[in-house]
S.K.: 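Have a look at this one before I ask anything.
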Amino acid sequence: MFAEVIVDVAAYPIDRPFDYAVPEKFQTIIESGSRVKVPFGNRQVLGFVTAIKSETDVPVEKQKPVGELLDIEPVLTQEMLEMTKWLRRHTLCYEIDALQVMLPSALRAKYEKILEIVDHNFELPQSIQAMFQQKDRVELKVDESKELLTTIKKLIKENILALETVVKQKTAVKKVRMILIESDVKKLQEIHLNISNQAKKQKDVVKWMMNYAGTRIVSTDLLKRLNTSNAVLQAVMEKGAATLELEEVYRDPYADRTINVSAKHSLTNEQHLALSEIIFSYDKHEAKTFLLHGITGSGKTEVYLQAIERALHDQKEAIVLVPEISLTPQMTNRFKERFGSLVAVLHSGLSTGEKYDEWRKIKRGEVKVVVGARSAVFAPFQNIGLIILDEEHEGTYKQDDSPRYHARDVAIWRSEYHHCPVILGSATPSLESYARAKKGNYSLLTLTKRPRDQALPEVSVIDMREQLKNGNRSMFSLELAESIRRRLDKQEQMVLFLNRRGHSSFVLCRDCGTVVECPNCDISMTYHRHQERIKCHYCGEESQVPNICPECKSDHIRFFGTGTQKVEEEIARLFPTARVLRMDVDTTRKKGSHEHILKLFGDGKADILLGTQMIAKGLDFPNITLVGVLSADTTLHLADFRAAEKTFQLLTQVSGRAGRHDKEGQVIVQTYTPEHYAIQFAKHHDFVPFYNQEMVNRKQFAYPPYTFVAFIQITHEDVLMTAEYAHKTANWLRENLSNSTEIIGPTASSISRVQNRYRYQCLIKYKKEPTLPEVLQQLTRIYRTDWMKKGILMSIDLNPSSIM
DNA sequence: CTTCGCAAGCCA
DNA sequence: GGCTTGCGAAGA
């Protein structure tokens, strides 16, 4: 018996199954989908069994046995193994990457290097002895000094020390110590009698136990209750009054939260219609994709909830994907409220162990609904009735490193496997999805009204050029400043949005015009006033703020451009009474800080929530009556064909934060290009006309949805090398792809250097290219066998979410 | 002739 | 990807 194993080594020649002999003892339990430890080369690695077979072509002398079977129950289902193959072809990743992405990180291997003393007679050098500290085996850390490593190497050669790689699981199943009290009271009485009167505490414990004969109690609880020590308990147990048992438990991330159960809301006609279409297709076991296009606040969530209720009723499971779970606590809570303990929330704030526990609950079918970000699409359910992607247009559904999958594609693949519907929900669908819906590939459902018929907020677009002409050089237009003042007077809340963090976007010398740039990247450094430092937002480089110009030594250093920090200061100056909460990458670095800030704001502890795009999603507070967009232009002029689409989506989403409840909302958008169609259509909340206009542009320039796009980026430390291989790539593509396919480039990327690597890119635009995965696979092969050695890095992104 | 450093080759 | 091996260069 042999097992085909994909080993945990991401390298080109290893990206295929290796056959291992299955030892007798594992033959009845090993299955495809199990994890194994196998010898590979001269070390131990983790691997996944992908098939079991009785014969192999591998010559006997090369055959090696499976070292250890890590799972009695396979961790990967048959579905996941099939999905792996598809994922690999469509994202051009290593098979091992595709396998690992489906599992919680706790199930990935942790490799430890253990150094062992073999020859105890040898007098070890002082430095080595210090490392061992009387022990025989110690973990060898990677960051040991060079000299130490060379001595260790020598000693290994002389067989005095031995090095061994050990495969460990990252997180173990959490176990709790349970005390099993003896059930025979007579026996307890006997033990009680035999304890000497000196051991008073032991006597007390056993006396107490007589009242609880045969019961189980958590060890720590018992100790606390009897106010006694572990030593006493141990002594009592040795005398036979109780036994110890380890019980598996789940870490409960929501232990200290109370949840109020909510009833279902009644539906509007539109909601009802949408729901019944979904249910109709669900009943027929159709793998149909619905695009639920509903304006902000139109009650998409309620449709999801009731559709899920239906699936649960049939003992089926549901997956709900949200763009960024820590930003949508309100949405998550609604699921918790409706389905209680049947919901598992896969939260980025959970520890590895907590995530693993939630995963096991899903696998064992102890929960039926999963709410989570992108990776939750791989939830190990076996009987899925419904998959939902909320805010389907969001870029976070696309993973930006290998495997570069889009959660929407995985969701649709799984829906075909499980014969169940998928709902893509959004107020501002992506052009691709809307086009597919219009073509009939997806089925379009529309919600045009808010449940209690609240009006959409009034959006005013302020031309900042006019403000400048009239002598207002502030970042707040007169209208916005006036509106903020009014809200402060009325004690209503507002949200201010600016898509740039930090204080000033660049540091400029007024004498020679030098802009301080990052030494590693081709981008200007951003000034952060709180730490009085300048930072690169691409590589994280930080340094002191220069007092004099690095070029001309002038001291006329000035800060230009506006970031959230500067806005915060400006608010403090103009509205000294306003209480401001700032929410951006800098204030939310710690776990749980998103929730904390949102909670403070929800509790009315601040008047103004100021933030970057992370506040655009999901906020739903009744008291918000003003939304201000300080500069709508930042996303509009990006070198990306989706710039207009992203601007429109952002403005619409942000506007949707105002006036969701009884109070009327107002939105003020400041811009230097008020005439731009993305801004004009967003002003009128007009998705369809925007779509039509944008489609005209996409057609003219042959961009998606009219074509498909693949994006290839080449980087190297040397500009010439980068350019050379980018040209090689483009030429190779031109030779191997059909004439109707357009290859743009190579061109230098818009940020031409990041972390000291120059960047060039090629864009492939195609309508029909059935062999593209294979052609790109071949290109990857050339790259991995040849170019990689020269220090070239190439990445291929099929259907990229951004081309920058 | 030994030792060091690095590129090449292999892994069942 | 990580480990061994084999080769050439540097040093005694």
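Below, chains carry the letters A, B, ... as their sequence lines are ordered, and counting in each starts from 1.
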S.K.: A/Asp15 has an atom CG; how far is it from atom C1' of B/dC10, in whole Å?
M.R.: 16 Å

S.K.: Using a 4.0 Å heavy-atom cut-off across all strands, classify A/Arg784 as base, sugar-phosphate, or nothing.
M.R.: nothing

S.K.: Taking only residues at least two apart or on different chains, which pairs with a member in residues 92-103 of chain A satisfy salt bridge (Lys or Arg N to Asp or Glu O under 4.0 Å)?
M.R.: A/Arg88-A/Glu95

S.K.: With sequence neighbours excluded, give me every ring-ring contact (aromatic ring centres under 6.0 Å, His included) pair touching residues 51-87 of chain A.
M.R.: A/Trp86-A/His90, A/Trp86-A/Trp413

S.K.: I need the NZ-C1' distance between A/Lys789 and B/dC6, as an integer number of Å.
M.R.: 14 Å

S.K.: Could you note down all residue pairs passing salt bridge (Lys or Arg N to Asp or Glu O under 4.0 Å) where residues 775-788 of chain A supplies at least one of them, sequence neighbours left out?
M.R.: A/Asp786-A/Lys790

S.K.: For residues 370-383 of chain A, tabulate all N or O donor-acceptor pairs below 3.5 Å that involve a side-chain atom, not counting sequence neighbours.
M.R.:
from     : atom 1 : to       : atom 2 : distance (Å)
A/Arg374 : NE     : A/Gln399 : OE1    : 3.3
A/Arg374 : NH1    : A/Thr396 : O      : 2.7
A/Arg374 : NH1    : A/Lys398 : O      : 3.3
A/Arg374 : NH2    : A/Gln399 : OE1    : 3.4

S.K.: Could you give the side-chain donor-acceptor pairs of residues 25-32 of chain A under 3.5 Å, partners two or more places apart or in another chain?
M.R.:
from    : atom 1 : to      : atom 2 : distance (Å)
A/Gln27 : NE2    : A/Val22 : O      : 3.0

S.K.: Walk along nucleotides 1-8 of chain C from 5' to 3' and tag each nucleotide B, S or - by protein heavy-atom contact under 4.0 Å, base first, then sugar-phosphate.
M.R.: BSSS----

